[in-house]
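Since this is a predicted model, take the numbers as computed values, not measurements. Lettering of chains follows the sequences in order, A, B, ..., and the numbering in each one begins at 1.
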Protein chains: 4
Amino acid sequence: MEKLYFASDYMETAAPEIIERLAALSGKKFTGYGSDEISESAREKIRTAAGTPEGEVYFLVGGTQTNATVIDTMLRPYEGVIAAATGHVSVHEAGAIEYGGHKVLALPAEEGKIRAKDIDSLAETYWNDENHEHMVMPAMVYISQPTEYGTLYSLKELREISGVCRKWKLALYVDGARLAYGLSARGNDVTLKDLASLTDVFYIGGTKCGALLGEAVVFPKKGTVPHFFTMVKQHGALLAKGWAAGLQFDTLFTGGLYAKLGRNGDEMADRIRQALDEKGYVQDVRNSTNQIFLTLTHEEARYLSEKVEMGFWENKGDKVVMRIATSWATTEEETEALIKLL
Amino acid sequence: MEKLYFASDYMETAAPEIIERLAALSGKKFTGYGSDEISESAREKIRTAAGTPEGEVYFLVGGTQTNATVIDTMLRPYEGVIAAATGHVSVHEAGAIEYGGHKVLALPAEEGKIRAKDIDSLAETYWNDENHEHMVMPAMVYISQPTEYGTLYSLKELREISGVCRKWKLALYVDGARLAYGLSARGNDVTLKDLASLTDVFYIGGTKCGALLGEAVVFPKKGTVPHFFTMVKQHGALLAKGWAAGLQFDTLFTGGLYAKLGRNGDEMADRIRQALDEKGYVQDVRNSTNQIFLTLTHEEARYLSEKVEMGFWENKGDKVVMRIATSWATTEEETEALIKLL
Amino acid sequence: MEKLYFASDYMETAAPEIIERLAALSGKKFTGYGSDEISESAREKIRTAAGTPEGEVYFLVGGTQTNATVIDTMLRPYEGVIAAATGHVSVHEAGAIEYGGHKVLALPAEEGKIRAKDIDSLAETYWNDENHEHMVMPAMVYISQPTEYGTLYSLKELREISGVCRKWKLALYVDGARLAYGLSARGNDVTLKDLASLTDVFYIGGTKCGALLGEAVVFPKKGTVPHFFTMVKQHGALLAKGWAAGLQFDTLFTGGLYAKLGRNGDEMADRIRQALDEKGYVQDVRNSTNQIFLTLTHEEARYLSEKVEMGFWENKGDKVVMRIATSWATTEEETEALIKLL
Amino acid sequence: MEKLYFASDYMETAAPEIIERLAALSGKKFTGYGSDEISESAREKIRTAAGTPEGEVYFLVGGTQTNATVIDTMLRPYEGVIAAATGHVSVHEAGAIEYGGHKVLALPAEEGKIRAKDIDSLAETYWNDENHEHMVMPAMVYISQPTEYGTLYSLKELREISGVCRKWKLALYVDGARLAYGLSARGNDVTLKDLASLTDVFYIGGTKCGALLGEAVVFPKKGTVPHFFTMVKQHGALLAKGWAAGLQFDTLFTGGLYAKLGRNGDEMADRIRQALDEKGYVQDVRNSTNQIFLTLTHEEARYLSEKVEMGFWENKGDKVVMRIATSWATTEEETEALIKLL
């Protein structure tokens, strides 16, 4: 039997609808840098889906690039961004935020999530400190939906965070690298429209959600960042063939494809979760999206790793946590094959 | 008649060979960040073509990103990069080089080219200046092949520049955004192997030369930049689906496709150049690559622009210079249609 | 005879009035970071002298630091600063402006001065360029008064530059490292009040004008840069003992000391200029401030250099330009001794 | 009675020996940027005191500036600096380290000190992480001696830290803003020579230890940072009148003045500590240097604050921690007056 691949959600090419459409465009010509009609169509569809007719939408290429560009663009040099200590910008971007000159103000997180009251407390401490003019000013909150741990903020939690942000004039930014899996998840009550009404900027992930590449940055309020286009260029994040990213989202936002792709990942993960429960495995973090964190003995991990490519997550003494990621592309066959191995 | 498009060389999708191969990969899985087999195959083909079995090859996404990453990576903070005053890094990257903290030391250029003796003179002036420790230290030379004006450095010129660079310990970096059109051009005598032996780093352009996206950075000497991978990540330039860029180059460097695509652009341009000469038009810069700079009266420009999408280049009082760019995708039909309009 | 020192204007300690006052403060205590009473007194005197009762005044330590902090603070990341190609920020700050991420947009200068019409033309070219969103946006004009060549902008010239700046929404910043020598110069018609009404920010030089150290940044309009204090700190430019810089300016702006010190430098230079004329020497740039640019044969330069420490300025084939700088501290005796050597 | 000032250690002018010498220099001339004889004499005295005849010594102006310049200078862009979460670079430099592009990797600290085993563990975790190439690479350890809490690393602790640094190729940097109070403290066993042999770079604080301004950066090993001078300039940290900083250290390192000044601060603090103990006050952190952290009820704090200027340190519910700082200038009279108030 061939090895099963559940190591990450960016291992497959792209949704067939995207590849077919791309192939059909051979010989066509497009104007550059996102000024083409496909990109405009994609922007319009996203504005409609998010209920922000005046919103601004930009297509960038990858997650770290998007985070670095958005954060650097919205902050003044002395301002920092509050994020979970386990957040992507805190740990896995090789210092891209600091490269732009900004400090990541890490908050303790529980299963990847930070709490409104901790943000409130950090801001209050800052402004109450007699020496705050010698410190990095908190000016933005970064969260991801779903988080690095696959967990989701509820609408109530998001509203609380948004409220605290408005209280302290902190911009709220949501990293939606895996947003499809969040929107489609069991129990999720946060919609694109909620994101648009509660945040200052968010991005809809493409790379991990069925696109070949691309992330769609949405500023619900027009004019949030003057000259964002030029700053995208300055960050090396402007695609000459902008239509190539636009096409991804124009397709993903046609006929409910984005939701459908997300749902596939979530459902396959749910099946695996159920099987794990039935077989008595310990799951380190419970969520309803496309990531499963499986606690194994080292021996179990070794055995399973021979047949299944998983992600290593964390060493816990005599146990080890491995990550199983499903995706928009995971098939029922692969899922059943994995379950049989458990 | 539909409008003809000669405005730029990044208007088309990608070479059919690339699109077909991409389509054929549906359902396949790849490891991330360029660690896949297709990327490795592409790297090996480039190493072979450039005659650098020990060389390092990385795939980035676009030109500005590549320039910013390479330059920032190879320079110490107080070092600057020498470039033509008309070079891409000097003018059209929205300050991406300065964003990385580096000064572009502009040299006067003739038809886009800088001269070894001017580099020599700049370096000598710097080191002879009593106050040079208060100045930006020249540490790299940036040239493009072909240049922004479609002109080419001859092997003799490149050797001279390389010699001056070695004399003053300046790294030599060649931006090959349009390299295919240079390698295939009438009269060109600079090969990939020459680039590898005479420079410290260069990139082979994909975006403008038949790829959907992607630029291949080549360090002929292994270990030139320790931890380049991490710096690519920090610059937001690391593709999760690295295979997507690798696939472009693996295809372009199979069966001489890269050369063939370049030749098409050059030949179509040559036909147009010949027609222009026959009809008595003035061409502002003579070159043998895929860009034509056409001097027109404002009336002529207006007339022609109604039927042909061209690029605006420069206002010259009662005349205007327009740019006609052919590409790997320009057809004989389009070319003949354009010629008829002249 | 001991060697004469005319190499620069920052070779002496400080005006005796400053040293005496400093000595008299032994045992006194001050609150930190410029919150002390002496600093407040100095700020008030400067506000009065500049006719800006609402203006903000900050004391930094040196010229490059001040330029880098002010420019970086007032520009957005994609914005650049227009300056003379020979300006201090263009050449002699080791890339401090680029370190902050900003491009210096160099304009040709005549005797150190740039012209309103060249600024106008640069801004117009930028905004008329179809691709200006891919370029660094001009957002500030940097001039120095006096310039690096000791020349002065007339009130008429300054008004023209200020007008062009307002037309194109460019901030106007004046580097007054040697401002004392400008304010007191024969023929000068630009006052501190003119600077305050025509610029967005300027600095009054201390280091070269009689202070031990320190430069006074003046924002004529309150609230020009929110949180400037924090940005000064972030740039490493905040003095714990802020009173030490405040004391310099409190003293310099008492009893007309600043003007008097400037006048001494100018008058000593005038005497030397007159002697040079009488003896038939060629002066490369004519000005009325404290710098003299003397064209000599190499033999003359060698001879004179044995007895007088001068600054080397420029090699001109068989001639060499040397700089003679007088200062607030230059004595009549030194001046006469120099004149005798000519 | 006049109010007593124990709020910080940078409230006084400078040691009389420095002020007198400065006054005596009136009319003298010095070459610029630290090339003068006084600076050279100071460097030589420091090299001797530190037992590093080949070491390099540079004089900068303030602590944040020194930290930012040294750290930025020694790290590559993707590298970060390990520091106590309570360290100056972590909290009170307004993002100066991030402005240079570097992440501060915060370690939990106990009374301001970090432990060798925590450094070891952080480095090991990084290098063992499969994804470490996507993370900021730890490359330097920053500690302060004394720490922000006035505590001291013992020679044993410093050796352990140094050992771990060498094991993981981490540069070790010691911030000695208050080094005089550390060197002279009861129980201290770390000498300047130990710092020179165990670190890669450290600075000897002037501003808080009797100088008007200035910090002396010491690289025990010659050539540690090529072109450090230019990087100092680029960071706006180069004093034109370098002799002014040199003079501070030349005086401080003559006749044991630096040790004497430190001892005064420590002894006055010891007397206060003893009185506090006798009167039953709670001291939050015990140390033997010039800072005392006094736990008071809010009422006690209010009462004492009317008569003594102290620093606010931390709110602890119904208690508050106030900081009392003595200095090189604190007199016996002030000390006794404070003790009487307790």
What residue, out of Gly62(C), Gly95(C), Gly101(C), has the most heavy-atom pairs lying under 4.5 Å from chain D?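 Among Gly62(C), Gly95(C), Gly101(C), the one with the most close pairs to chain D is Gly95(C).
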
Over 12 foreign heavy atoms within 6.0 Å of CD, Glu37(C)
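Not more than 12 within 6.0 Å, no.
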
How far apart are the closest heavy atoms of [X] and [Y], and which atoms are they?
X	Y	value
Gly27(D)	Thr13(C)	N-OG1, 4.4 Å
Leu239(D)	Val61(C)	CD2-CG1, 3.7 Å
Ser26(D)	Ile19(C)	OG-CG1, 4.5 Å

What part of [X] is in contact with chain C, defined as an atom under 4.5 angstrom from a non-hydrogen atom: side chain, backbone, both or neither?
X	answer
Thr230(D)	both
Ala68(D)	neither
Ala211(D)	backbone
Asp72(D)	side chain

Heavy-atom check, side chain of [X] versus side chain of [Y], under 4.5 Å:
X	Y	answer
Lys29(D)	Glu334(C)	yes
Gln65(D)	Gln65(C)	yes
Leu22(D)	Leu22(C)	yes
Leu212(D)	Leu212(C)	yes

Please state whether the rings of His235(D) and Tyr99(C) are parallel, tilted or perpendicular, taking 30° and 60° as the class boundaries.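 Plane angle between 30° and 60°, so tilted.
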
- Non-hydrogen atoms of chain D under 4.5 Å away: do they reach the side chain of Ala7(C), the backbone, both or neither?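 Answer is neither: Ala7(C) stays 4.5 Å or more from chain D.
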
| request: Heavy-atom distances under 4.5 Å only: say whether Ala240(C) touches chain D with side chain, backbone, both or neither. | output: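 For Ala240(C), the contact with chain D is made by backbone and side chain together.
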
- Hey, could you give me the CG/CD distance between Leu238(D) and Glu93(C), rounded to the nearest 0.5 Å?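 Between atom CG of Leu238(D) and atom CD of Glu93(C) there are 11.0 Å.
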
### Query
Once you round to the nearest 0.5 Å, how far does NZ of Lys28(C) lie from CE of Met11(D)?
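These two atoms lie 13.5 Å from each other.
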
_Given 3.5 Å as the limit, does a donor-acceptor pair link the side chain of Lys241(D) with the main chain of Ala14(C), or not?_
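The answer is no, because no donor-acceptor pair under 3.5 Å joins these two groups.
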
Next on the checklist: Determine whether a donor-acceptor pair (N or O, by modelled atom type, separation under 3.5 Å) exists between the side chain of Lys233(C) and the backbone of Ala96(D).
Outcome noted: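 It does not hold such a pair.
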
Strictly under 6.0 Å, is that where the ring centroids of Tyr10(D) and Tyr33(C) end up?
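Centroid separation for Tyr10(D) and Tyr33(C): below 6.0 Å.
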
